[in-house]
Number of protein chains: 2
Amino acid sequence: MINPTLRQLRYFDALARHGHFGRAAEACSISQPALSMQIKEMEEGLGGTLLERSARQVTLTRLGEELIERVRDILRSVDELGDFARASRDRFAGRLRIGMIPTVAPYLLPRIIGDLTRMHPELDIQVREALTSKLIQELSEGRLDTAIVALPVSEASLTEVALFSEDFLLVRPLEDEGTPVPSREMLREMRLLLLEEGHCFRDQALSFCKMHSSPRELLDASSLSTLVQMVSAGVGVTLIPEMAVQVETRSAAVSVARFRNPQPSRTIGMVWRKTSPLARQLTQISEVVCLSAGKPRGKQTAPPARNHRS
Amino acid sequence: MINPTLRQLRYFDALARHGHFGRAAEACSISQPALSMQIKEMEEGLGGTLLERSARQVTLTRLGEELIERVRDILRSVDELGDFARASRDRFAGRLRIGMIPTVAPYLLPRIIGDLTRMHPELDIQVREALTSKLIQELSEGRLDTAIVALPVSEASLTEVALFSEDFLLVRPLEDEGTPVPSREMLREMRLLLLEEGHCFRDQALSFCKMHSSPRELLDASSLSTLVQMVSAGVGVTLIPEMAVQVETRSAAVSVARFRNPQPSRTIGMVWRKTSPLARQLTQISEVVCLSAGKPRGKQTAPPARNHRS
DNA sequence: TCGAAGCGATAAGATAATCTGATGATAAAT
DNA sequence: ATTTATCATCAGATTATCTTATCGCTTCGA
């Protein structure tokens, strides 16, 4: 009964993730036979089969299933040792892996990346853009240090702090300029263009209109940029977060208008694992991000909505 | 920033335990330079000093202090992977590390060791005798699988099951034979011999007599055997658990008597970590031990007390 | 039905990690 | 001042791990 090595645990984790020896080996930067051998030794050491090698795929056995979560806990803990060491020695140095949702990243990133590296030159910032659900998953698995998403996230294992809230503005064809801003009831009768499934901003927009099912047409866009282009082409109207206005309407012939009460809006915040050894630093970083966003925490002082054309 | 290897964590743990490179290396079955090197590499990998090497001793730095508990958690988790694998494959095989208190081990061990190995020949039973506090500590650290102690233990992280309860009998010089059994009030006036500090049986005996401070004399014995010998030599009287009567009074000229109401007694039970992967097996083993002890669970059917002489 | 392609296992030799034994350096104890 | 205890360092030996080449099996398309 030989205990597994950390190396074997890492390989096992990768293999469980990829379900494929070749790709897992590549992810570990080793050759496929090396991985096969280590997995085999781990199985022999434990005295049981971890994976079922069927012809077309590799799946976990019951034993593998029972162990994989524990293995991941172990790997996460080991990775965190380094974080703890760093935290107790040098307050702001080393890798910082930030995740962001796609409806925030392009607009917020340029502002904060400069500020952060200026204030903490030792910080090696790595950014990852993905949908909320994926970010939360990677965060929990210890593959991200923090994520910037729309609140609330409501995961008991995560700490969340609000950064700022941003209103949603109406984007409509240029010829609508000057006509009254529709109420949300009217909006429901118009052709409202949305992001595809999975984007939290889609749900936030739907929620504002009190529409809970998807609208009539299947014209979901994969980015705010596309949405605005579609409006400009006269396909319909859409909502975009205030922060995106300047970038996205610079090169599109559209009219932007602010809603009267109620103002649709959402709160953007930062989340991290409660157990993260970087907690203290992350709190400070959240303050920097807050300032970089150009708004006092939790409030908003938006410039008045204006018209734009190409 | 290189992550530590499991090997380094093991060495670090041993070093933290022993506070001495040479002895820690011996405990790891490696040479002292090998340990020095690995520790150094771990420190370099983490980017901080873990230990302070003063001339006469090795102590943990603040960082080492912060990490050692996490490291031990990791090592325990890794060790348990094997236990899980075994548990899910072969119900009763492999190492089983049992701890027992000294006032139970010599009398219970011979009975159960045979039964257990007969019923589970694949079981490699390792027994460790120590005081309750040490057993509980080792159990929590994952260095024991289970322990047999007097209940209650009241540790939230441990499961406890009662095995049997045993009365305490009075042991007095042979010439007292036939005289009335003293009440516990009378006992307080007699010269009551006890085990040394730390034995739970000492506290149980004191508690029966409603004495909470230690008695007048400092004549604490280190084993029940010694106690009985002292009584036989006329130094005083003592209590011993029923289970020890046969062995300990076989070669001593003493009289053994049972108390009237209230009967002093204690409950012996088995404890293990709630998270132990061997939980199911341990429950079954506790039943075997129960039977081996020769009494139905939770009850007692003792043979009547008799006199013994050398 | 047959050959091609994909995939994991195996083997042999190369490389890297780790260990041992000898020795050095430092500080406390005699 | 000398001895002793203790951890660090070095060179060479040993062990663990990796790579490349290749095998055998299964699936898929012609």
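Predicted model only: the values in this text are computed from it and were never measured. The chains referred to below are lettered A, B, ... by the order of the sequence lines, with proteins before strands, and numbering in each begins at 1.
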| task | Please report, rounded to the nearest Å, how far the P atom of D:dA16 is from the CG atom of A:Leu6. | result | 17 Å
| request: Return the value, rounded to whole Å, for the distance between atom CZ of A:Phe21 and atom C1' of D:dC23. | output: 16 Å
| said: B:Glu138: which residues meet the salt bridge (Lys or Arg N to Asp or Glu O under 4.0 Å) condition with it, sequence neighbours left out? | reply: B:Arg128, B:Arg143
| note | Among the nucleotides C:dC19, C:dT18, D:dT9, whichever has the atom closest to the side chain of B:Thr5 is C:dT18
| What is the distance, rounded to the nearest whole Å, between atom CD1 of A:Ile2 and atom C1' of D:dA16? | 13 Å
| A:Gln38 CD to C:dT10 C1': how many Å, rounded? | 15 Å
| said: So that I can tick it off, tell me whether A:Asp115 and A:Arg118 are bridged by a salt bridge, with the cut-off set at under 4.0 angstrom between side-chain N and carboxylate O. | reply: yes
| OP1 or OP2 of C:dG8 less than 4.0 angstrom from a side-chain nitrogen or oxygen of A:Lys40, does that happen here? | no
| OP1 or OP2 of D:dC18 less than 4.0 angstrom from a side-chain nitrogen or oxygen of A:Gln32, does that happen here? | no
| C:dT18 P sits how many Å from B:Ile30 CD1, rounded? | 11 Å
| Considering only side-chain heavy atoms of B:Ala34, which listed nucleotide, C:dA22, D:dA21, C:dC19, is closest? | C:dC19
| Does a side-chain N-to-carboxylate-O contact under 4.0 Å join B:Arg86 and B:Glu122? | no
| message | I need the OH-C1' distance between A:Tyr11 and D:dT17, as an integer number of Å. | response | 8 Å
| request: Compare side-chain N and O positions of B:His20 against OP1 and OP2 of D:dA5 and report whether any pair is under 4.0 Å apart. | output: no
| query | Nearest nucleotide by nearest heavy atom, which residue falls closer to the 5' end of DNA chain C, B:Glu41 or B:Pro33? | reply | B:Glu41
| task | Starting at atom CD of A:Glu26, determine the distance to atom C1' of D:dC18, rounded to an integer number of angstrom. | result | 17 Å
| note | Applied to residues 43-52 of chain B, the side-chain hydrogen bond (donor to acceptor under 3.5 Å, both in side chains) test, sequence neighbours excluded, yields B:Glu43-B:Arg53
| side-chain N/O B:Ser36 vs D:dC7 OP1/OP2, d < 4.0 Å | no
| said: Using a 3.5 Å distance criterion without hydrogens, assess whether the side chain of A:Arg202 forms a donor-acceptor pair with backbone atoms of A:Leu194. | reply: no
| said: With a 4.0 Å limit, can you tell me whether B:Arg53 has a side-chain N or O closer than that to the phosphate oxygens OP1/OP2 of D:dA8? | reply: yes
| task | Can you tell me the distance, in whole Å, between the CZ atom of B:Arg7 and the P atom of C:dT18? | result | 6 Å
